[in-house]
A.B. asks: 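Below is one structure. I have some questions about it.
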Amino acid sequence: MSGLLAFKHLKKNALQPTSSNWLRSLISLRFSHSLPFATVKAEEISGSKPAEVLNLVQGNWTRSSNWNTILDPLNGESFIKVSEVDENGIQPFVESLSKCPKHGLHNPFKAPERYLMLGDVTTKAAQKLSLPEVSRFFAKLIQRVAPKSYQQAFGEVYVTQKFLENFCGDQVRFLARSFAVPGNHLGQQSHGFRWPYGPVAVVTPFNFPLEIPVLQLMGALYMGNKPVLKVDSKVSIVMEQMLRLLHECGLPIEDVDFINSDGKTMNKLLMEAKPRMTLFTGSSRVAEKLALDLKGRIKLEDAGFDWKILGPDVQEEEYVAWVCDQDAYACSGQKCSAQSMLFMHENWSRSSLIQKLTSLAARRKLDDLTIGPVLTVTTEAMLDHMNNLLKIKGSKLLFGGEPLQNHSIPSIYGAIKPTAVFVPLEEILKDDNYELVTKEIFGPFQIVTEYKHDQLPLVLSALEKMHAHLTAAVVSNEPLFLQEVIGNSVNGTTYVGLRARTTGAPQNHWFGPAGDPLGAGIGTPEAIKLVWSCHREVIYDIGPLPHKWETPEST
């Protein structure tokens with residue numbers, strides 16, 4: 001029931017002699033729509049009423065003298081002012097991390113009550129995020145800064161809320177479960193414990209401004225670490241509001257530092273504060289630099305040029321086409337799990353798949369944000385890439401390839417129609433073409449190719465040459481075909497079967513790359529333990545000594 005209808009309903013009931021509680025109900029309705037933690041109203045943020053984003057350090061919300069103005073991705077208005085820390089302002093953050101010892105804020109031998117506290121905080125946060133007015137607030141706020149359809153934005157909030165539900169109550173301390181192994185003699189046992197790193201950093205991108213930072217931040221806290229969090233300034237308002245919600249739910253305000261800065265400043269902070277572990281989600285270029293700067297003390301969930309293989313068994317064309325469209329173009333293709341390359345078995349080439357994909361892509365429109373601004377690649381850059389691909393022998397434009405029309409998206413962002421370019425498989429494998437074809441375009445853009453019944457080895461060869469192994473899909477219900485592809489590929493999150501997809505990871509399974517010892521995971525207990533804790537072995541050896549023990553000869 002909308003607020004207006006509810007008010008009319010209450011007013012009508014107020015005229016009835018039996019409705020003595022109408023005023024109490026009206027007051028309750030009013031407060032049910034107020035969010036005590038929030039400092040903004042998503043729908044009201046505009047050029048005439050810009051929002052402000054602050055920093056949090058050592059338990060205090062602070063402003064800096066530098067303000068970065070964020071443009072509204074839909075109309076170019078200056079609608080958010082972000083207080084950014086420059087290189088001269090990082091010292092409070094360095095000091096804050098330095099106060100956290102290497103053994104963390106808690107561990108199995110120290111302050112175990114914090115496991116319980118964080119379980120309680122998570123319970124309350126999950127409950128709040130399940131409230132319609134709270135989930136709608138965050139979904140709308142996500143839409144304002146990273147435009148995507150309401151269903152996609154709400155899906156991010158839903159996954160975050162379900163993740164929090166998974167770690168309520170005792171589930172936090174269960175993450176620190178240890179094990180014991182009998183020793184060699186009486187009184188000796190070895191115990192394996194999950195141990196925090198202590199001071200850590202979390203750096204996350206723009207495309208999932210709530211889900212990625214919340215899941216990684218909470219994992220860091222659960223295991224006993226003190227994190228400093230940096231989210232892309234274009235969307236950091238979302239996480240600023242989420243931190244305020246967590247504080248309302250009982251998270252100690254000094255447990256997390258939150259910094260807004262450019263990349264150069266954050267790099268300096270990491271070099272000076274020397275966090276024991278850094279989680280970075282973002283581009284491969286930055287990931288490789290950080291891995292060197294931080295001497296390998298880092299976990300990465302970097303770029304993904306993600307592939308999908310359609311097997312020989314053609315079935316449910318309508319459904320498969322719909323999933324392909326969602327994988328490639330939902331969120332305007334701005335997912336690290338987006339379908340970047342589609343390998344079609346020749347049987348699928350003879351089906352109506354491409355026709356259906358063309359029709360599905362044509363449905364997407366700016367009005368409902370099923371297609372929208374691309375925040376890291378300009379229109380010109382995407383069209384230039386397309387034109388370079390079309391120079392390859394045998395390549396052709398399947399659909400799209402044009403700028404969006406009749407919009408006010410600022411030119412610093414991209415705006416093109418969902419686009420697919422066909423490139424022959426033999427041409428893809430040529431050294432002169434491979435790097436160009438497998439360049440990740442973080443927008444509504446994919447490569448389509450075809451393979452014959454005897455060309456699966458060529459497809460597998462193309463996969464082997466790729467360097468990013470995040471998500472993948474093998475659309476087939478033929479066990480031997482699945483076995484062949486799975487056994488000869490490495491992507492960390494791989495969906496197989498008729499309903500296989502590359503995107504849409506829920507909170508109930510691991511999400512992350514494979515094939516790299518620096519690869520990070522997200523979402524599950526295994527991911528949290530891998531990324532945010534290390535193994536510590538404690539060997540108890542308390543005796544007694546053997547009867548009549550004597551000092552032996554030197555060895």
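Only a predicted model underlies this, so the values are computations on that prediction, with no experimental measurement involved.
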A.B. asks: Is the shortest side-chain N to carboxylate O distance from Asp431 to Lys465 below 4.0 Å?
C.D. replies: yes
A.B. asks: State whether Asp232 and Lys234 are salt-bridged, where the test is any N-O pair (Lys NZ or Arg NE/NH1/NH2 against Asp/Glu carboxylate O) under 4.0 Å.
C.D. replies: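 Yes, this pair counts.
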A.B. asks: Flag the pair Glu402 and Lys417 as a salt bridge only when some basic side-chain nitrogen lies within less than 4.0 angstrom of an acidic carboxylate oxygen.
C.D. replies: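 Salt bridge flag = yes for Lys417 with Glu402.
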A.B. asks: Side chain to side chain donor-acceptor pair (under 3.5 Å) for Glu84 and Asn68? Distances and angles first, verdict last.
C.D. replies: CA-CA 6 Å; Glu84 288 200 347; Asn68 179 13; 2.9 Å; yes
A.B. asks: Salt bridge check, Glu426 against Lys452: does any charged N sit closer than 4.0 Å to a carboxylate O?
C.D. replies: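 No salt bridge links Lys452 with Glu426.
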A.B. asks: Between Trp532 and Pro227, is there a side-chain heavy-atom distance shorter than 4.5 Å?
C.D. replies: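 Pro227 vs Trp532: side chains apart.
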A.B. asks: For the aromatic rings, using the six-membered ring if either is Trp, is the centroid distance between His509 and Tyr495 under 6.0 Å?
C.D. replies: yes
A.B. asks: Cation over ring, Lys140 on Phe154, under 6.0 Å and within 45°?
C.D. replies: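 Judged by the rule, Lys140 and Phe154 form no cation-pi pair.
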A.B. asks: Pair up each side-chain donor or acceptor in residues 318-326 with any protein partner under 3.5 Å, not counting sequence neighbours, and list the distances.
C.D. replies:
residue: Tyr319; atom: OH; partner: Arg499; partner atom: NE; Å: 3.2
residue: Asp325; atom: OD1; partner: Arg364; partner atom: NE; Å: 3.4
residue: Asp325; atom: OD2; partner: Arg364; partner atom: NE; Å: 3.2
residue: Asp325; atom: OD2; partner: Arg364; partner atom: NH2; Å: 2.8
residue: Gln326; atom: OE1; partner: Arg364; partner atom: NH2; Å: 2.8

A.B. asks: I want to check something: taking the side chain as every heavy atom from C-beta on, are Tyr158 and Ser135 in contact at a cut-off of under 4.5 Å?
C.D. replies: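 Answer no - side chains too far apart.
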A.B. asks: Give a yes or no answer on whether the side chain of Thr503 reaches the backbone of Ser337 with a donor-acceptor pair at less than 3.5 Å.
C.D. replies: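 No; judged by distance alone, with no hydrogens or angles, the pair does not exist.
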A.B. asks: Regarding Glu156 and Lys148, does a basic nitrogen lie under 4.0 Å from an acidic carboxylate oxygen?
C.D. replies: yes
A.B. asks: Do the ring planes of Tyr451 and His345 sit parallel (below 30°), tilted (30 to 60°) or perpendicular (above 60°)?
C.D. replies: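 Because their plane-to-plane angle is over 60°, the rings of Tyr451 and His345 count as perpendicular.
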A.B. asks: Say you draw a straight line from CG of Leu221 to CG of Leu229; how long is it, rounded to the nearest 0.5 Å?
C.D. replies: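 Result: 10.0 Å between the selected atoms.
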